[in-house]
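When a ligand or atom number is given, it counts from 1 through the structure's own listing order. Sequential numbering from 1 along the given sequence is applied to the chain's residues.
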Amino acid sequence: MSDQTMTIGGEAVATGATFDVINPALGTAFATAPECSAEQLDAAFDSASKAYRDWRGDEPARRALLLKAAEALVAAAGELAPILTAEQGKPIGEAMIEVYGAAAWLQYYAALELQREVIQDDDRAFAEVVRRPLGVVAAITPWNFPLILASWKIAPALVAGNTMVLKPSPYTPLATLKLGEVLRGVLPDGVLNVVSGGDALGAWMTSHPVPRKVSFTGSVETGKKVAASAAPDLKRVTLELGGNDPAILLDDVDPATVAAEIFKGAFANNGQVCSAIKRVYVPEALYDDVVDALAEKARAAKVGDGAAEGTELGPINNRPQYERVSMLVADALSSGATAVTGGKPMEGDGYFFEPTILAGLSDGTRIVDEEQFGPALPVISYRDIDDVVDRANATHFGLSGSVWGTDTDRAAQVAERLECGTAWVNAHLALAPHQPFGGAKWSGIGVENGPWGLYGFTELQVQYRAK
Ligand code: NAD
């Protein structure tokens, strides 16, 4: 028996088969999760379909229940956060913030009005454009922020009148299963179903005949498979995919001040953020100072088990990712880069990797060109602004980017030229419920958050009355 149950039709559902969940700080299994069968997935979609009939019709009730759901999450934060830390690795304080963040998203959408737009009111007709829910949504999330990324889907989808079957990553299923348990009895049966299993379960969901929309957050590689799988029956898709965010420093920055901010933007969640800074471009004249200031921050960061007091950076979440970060850093070092600090896995148990600042490398090195998604940051020098903008844009990724400078107008002019969904000036990772978030190019299709995120869970209907 698993330590957690799935939520299907408002009921706790156990499974015959289970899979291990590993604590990345220890590198060993600490719990098991249910392996959803094909029949159980059918039952989840069936219950979501049935629940849709009533749920779609009562908007005030939906808003009130989303607020209740937010309250329930906050009340359960003390139970949810330790589970999240144990399976994901993040420090317990950040796990608490993630739970509160998920609740904040529910509250934001509970209050966001869906406007009807009158497009004609004359002698001939009265016509309005309204937004209708799509039906059942299949939602699939990754392992870096299981709860908050689930709430980015649950809140807008449900307030718009849809119902949902949600599947977390097999690396981090437990906090999401617990969220399903916490919301049982708060939301009507079948409105939010939570199932768990491996990658194959995700593929069953995207090809299943019931859902009318797939809301997916994960890697580019999987996103492409999701799009292909959703295409035959024209399911709507929102894809929030990977990034390789550049941060460009202009020549009027103060190296020490900016390095502190760049470090936060790159090493948040131990570098495992889709829109973390993944490469830093620095003017030649400031290069050594910035590298030294970043290295100082990296050396000072307290790495350890997220459950331990004072930990700032936890482990990498899972072994394949740990091996990938190790490989990308080793590749950079063998191509002539220098690890100014860090550069290798840490001794002992768990998937710990030294916070790493890489210097003396350029575009064309794998860790610069690919998404490393871990605690290793390449710092690259440049001479010419036009050239660095071209280099920042010379990628299939286009999630976000930032430009840093004392002259903020000048920085904003450079930021505007970045081909990405969010272009920050003197900030990075500044995300909020009202701000649409999505990627250009291979970083995604559609956006989450704000009214635009809500529109993604609706389709337009023209309501036309002849006069
Ligand atoms: P992943 O693509 O490996 O897995 C994501 C989810 O997809 C998991 O639940 C997984 O089980 C499921 N899945 C795997 N194969 C599937 C298939 N064929 N069909 C349907 N579902 C399938 O990604 P990951 O390693 O869990 O997460 C890291 C990636 O997510 C990084 O690239 C990161 O940048 C990206 N990410 C993007 C955002 C964003 O908002 N843009 C946010 C967080 C993470």
Participant: Take the angle between the ring planes of Tyr351 and Tyr322 and call it parallel below 30°, perpendicular above 60°, tilted in between.
Facilitator: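 Because their plane-to-plane angle lies in the 30° to 60° range, the rings of Tyr351 and Tyr322 count as tilted.
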Participant: Does the Asn144 side chain pair with the main chain of Gln272, one donor and one acceptor, at a distance under 3.5 Å?
Facilitator: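 Such a contact is found between Asn144 side chain and Gln272 backbone.
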Participant: Please state which option from Ala138, Pro142, Gly202 has its nearest heavy atom closest to atom 27 (O) of ligand 1.
Facilitator: Pro142
Participant: Under the criterion side chain to side chain donor-acceptor pair (under 3.5 Å), which of Glu11, Glu181, Arg184, Lys178 is the partner of Thr5?
Facilitator: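 Only one of Glu11, Glu181, Arg184, Lys178 forms a side chain to side chain donor-acceptor pair (under 3.5 Å) with Thr5, namely Arg184.
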Participant: So is Phe145 in contact with ligand 1, going by heavy-atom distances below 4.0 Å?
Facilitator: no
Participant: Would you mind telling me if ligand 1 is within reach of the side chain of Phe373, the backbone, both or neither, using heavy atoms under 4.0 Å?
Facilitator: side chain
Participant: Which of these, Phe216, Phe437, Phe457, Tyr109, sits in a ring-ring contact (aromatic ring centres under 6.0 Å, His included) with Trp152?
Facilitator: Phe437
Participant: Any idea which heavy atoms bring Glu419 and Ala440 closest together, and the distance?
Facilitator: O-CB, 4.1 Å
Participant: Checking contacts here: is it the side chain or the backbone of Val273 that comes within 4.0 Å of ligand 1, counting heavy atoms only? Could be both or neither.
Facilitator: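 No part of Val273 is near ligand 1 at this cut-off.
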Participant: Would you call Asp363-Arg391 a salt bridge at under 4.0 Å N-O?
Facilitator: yes
Participant: If we only consider heavy atoms of Gly197, is any one of them less than 4.0 Å away from an atom in ligand 1?
Facilitator: no
Participant: Does even one non-hydrogen atom of Gly439 get within less than 4.0 Å of ligand 1?
Facilitator: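 False for this residue.
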Participant: Would a distance-only check, ignoring hydrogens and angles, find a side-chain to backbone donor-acceptor pair under 3.5 Å from Glu371 to Gly243?
Facilitator: yes
Participant: Using a strict cut-off of 4.0 Å, indicate which atoms of ligand 1 neighbour a heavy atom of Pro168.
Facilitator: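 Counting atoms of ligand 1 from 1, those under 4.0 Å from Pro168 are 9 (O).
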Participant: Has ligand 1 got any nitrogen or oxygen that is less than 3.5 angstrom from a nitrogen or oxygen of Ser219?
Facilitator: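 Yes; at least one N/O pair falls below 3.5 Å.
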Participant: To which protein heavy atom is atom 18 (N) of ligand 1 closest, and what is the distance rounded to 0.1 Å?
Facilitator: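 For atom 18 (N) of ligand 1, the nearest protein heavy atom is Lys225 CD, 3.9 Å.
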Participant: How far is atom 10 (C) of ligand 1 from its nearest protein heavy atom, and which residue and atom is that?
Facilitator: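 Checking every protein heavy atom, the shortest distance to atom 10 (C) of ligand 1 gives Asp199 OD1, 3.3 Å.
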Participant: Using a plain distance cutoff, I'd like to know if Glu371 has any nitrogen or oxygen under 3.5 Å from a nitrogen or oxygen of ligand 1.
Facilitator: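 N/O-N/O distance below 3.5 Å exists for this pair.
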Participant: Which of the numbered atoms in ligand 1 are under 4.0 angstrom from any heavy atom belonging to Leu149?
Facilitator: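 Near Leu149, the atoms of ligand 1 are 42 (C), 43 (C).
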Participant: With under 30° as parallel and over 60° as perpendicular, where do the rings of His428 and Trp424 fit, or are they tilted in between?
Facilitator: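 Aromatic pair His428/Trp424 classed tilted.
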Participant: May I ask you to identify the nearest protein heavy atom to atom 15 (N) of ligand 1, giving residue, atom name and distance to one decimal place in Å?
Facilitator: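 Checking every protein heavy atom, the shortest distance to atom 15 (N) of ligand 1 gives Thr222 CG2, 3.3 Å.
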Participant: Establish, from distance only, whether the side-chain atoms of Ser400 and Thr422 form a donor-acceptor pair under 3.5 Å.
Facilitator: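 On atom types as modelled, these side chains do not qualify, holding no pair under 3.5 Å.
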Participant: Side chains of Thr395 and Asn244: is there a donor and an acceptor less than 3.5 Å apart?
Facilitator: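 Short answer, no.
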Participant: So, Lys90 and Glu94, do they make that salt bridge, N to O below 4.0 Å?
Facilitator: no
Participant: Which option, Ser443, Gly218, Ser196, Ser229, owns the non-hydrogen atom nearest atom 35 (C) of ligand 1?
Facilitator: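 Closest candidate by heavy-atom distance is Gly218.
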Participant: Can you measure from OG1 (Thr356) to NZ (Lys344) and round to the nearest 0.5 angstrom?
Facilitator: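 Taking OG1 in Thr356 and NZ in Lys344, the distance rounds to 8.5 Å.
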Participant: Flag Thr217 as yes when one of its N or O atoms lies below 3.5 Å from any N or O atom of ligand 1, and as no otherwise.
Facilitator: no
Participant: Before signing off on this row, confirm whether Thr141 and ligand 1 have an N or O atom pair separated by under 3.5 Å.
Facilitator: yes
Participant: Starting from atom 7 (O) of ligand 1, what is the nearest protein heavy atom, named by residue and atom, and what distance separates them?
Facilitator: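 Protein heavy atom with the smallest distance to atom 7 (O) of ligand 1: Phe216 CE1, 3.2 Å.
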Participant: Geometry only, no angles: is Lys167 polar-contacting ligand 1 at N/O separations under 3.5 Å?
Facilitator: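 Yes; at least one N/O pair falls below 3.5 Å.
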Participant: Numbering the atoms of ligand 1 from 1, which are under 4.0 Å from a heavy atom of Trp143?
Facilitator: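 Reading through ligand 1 atom by atom, the close ones are 24 (P), 25 (O), 26 (O), 27 (O).
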Participant: Going by the salt bridge (charged side-chain N to carboxylate O under 4.0 Å, His left out) test, name the single residue among Arg132, Arg236, Lys213, Arg131 that passes it with Glu459.
Facilitator: Arg236
Participant: Looking only at protein heavy atoms, which one is nearest to atom 44 (C) of ligand 1, and what is the separation?
Facilitator: Asn144 ND2, 3.4 Å
Participant: For atom 41 (N) of ligand 1, what's the nearest protein heavy atom and its distance?
Facilitator: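 That would be Leu241 O, 2.7 Å.
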Participant: Thinking salt bridges, do Lys50 and Asp189 make one under a 4.0 Å N-O criterion?
Facilitator: no
Participant: Is the closest protein non-hydrogen atom to atom 4 (O) of ligand 1 under 4.0 Å?
Facilitator: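 Flag for atom 4 (O) of ligand 1 set to false, no protein heavy atom closer than 4.0 Å.
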Participant: Relative to Trp105, does Lys153 satisfy both conditions: NZ or CZ under 6.0 angstrom from the six-membered ring centre, and within 45 degrees of the ring's axis?
Facilitator: no
Participant: Would you mind checking which non-hydrogen protein atom is closest to atom 39 (C) of ligand 1, with the distance to 0.1 Å?
Facilitator: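 Closest protein heavy atom to atom 39 (C) of ligand 1: Cys274 SG, 3.2 Å.
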Participant: Check each atom of ligand 1 against the heavy atoms of Glu240 and keep those under 4.0 Å away; list them by number with element.
Facilitator: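 Result: 37 (C), 38 (C), 39 (C), 40 (O), 41 (N).
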Participant: For atom 12 (C) of ligand 1, what is the closest protein heavy atom, and at what distance to 0.1 Å?
Facilitator: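 For atom 12 (C) of ligand 1, the nearest protein heavy atom comes out as Ile140 CG2, 3.7 Å.
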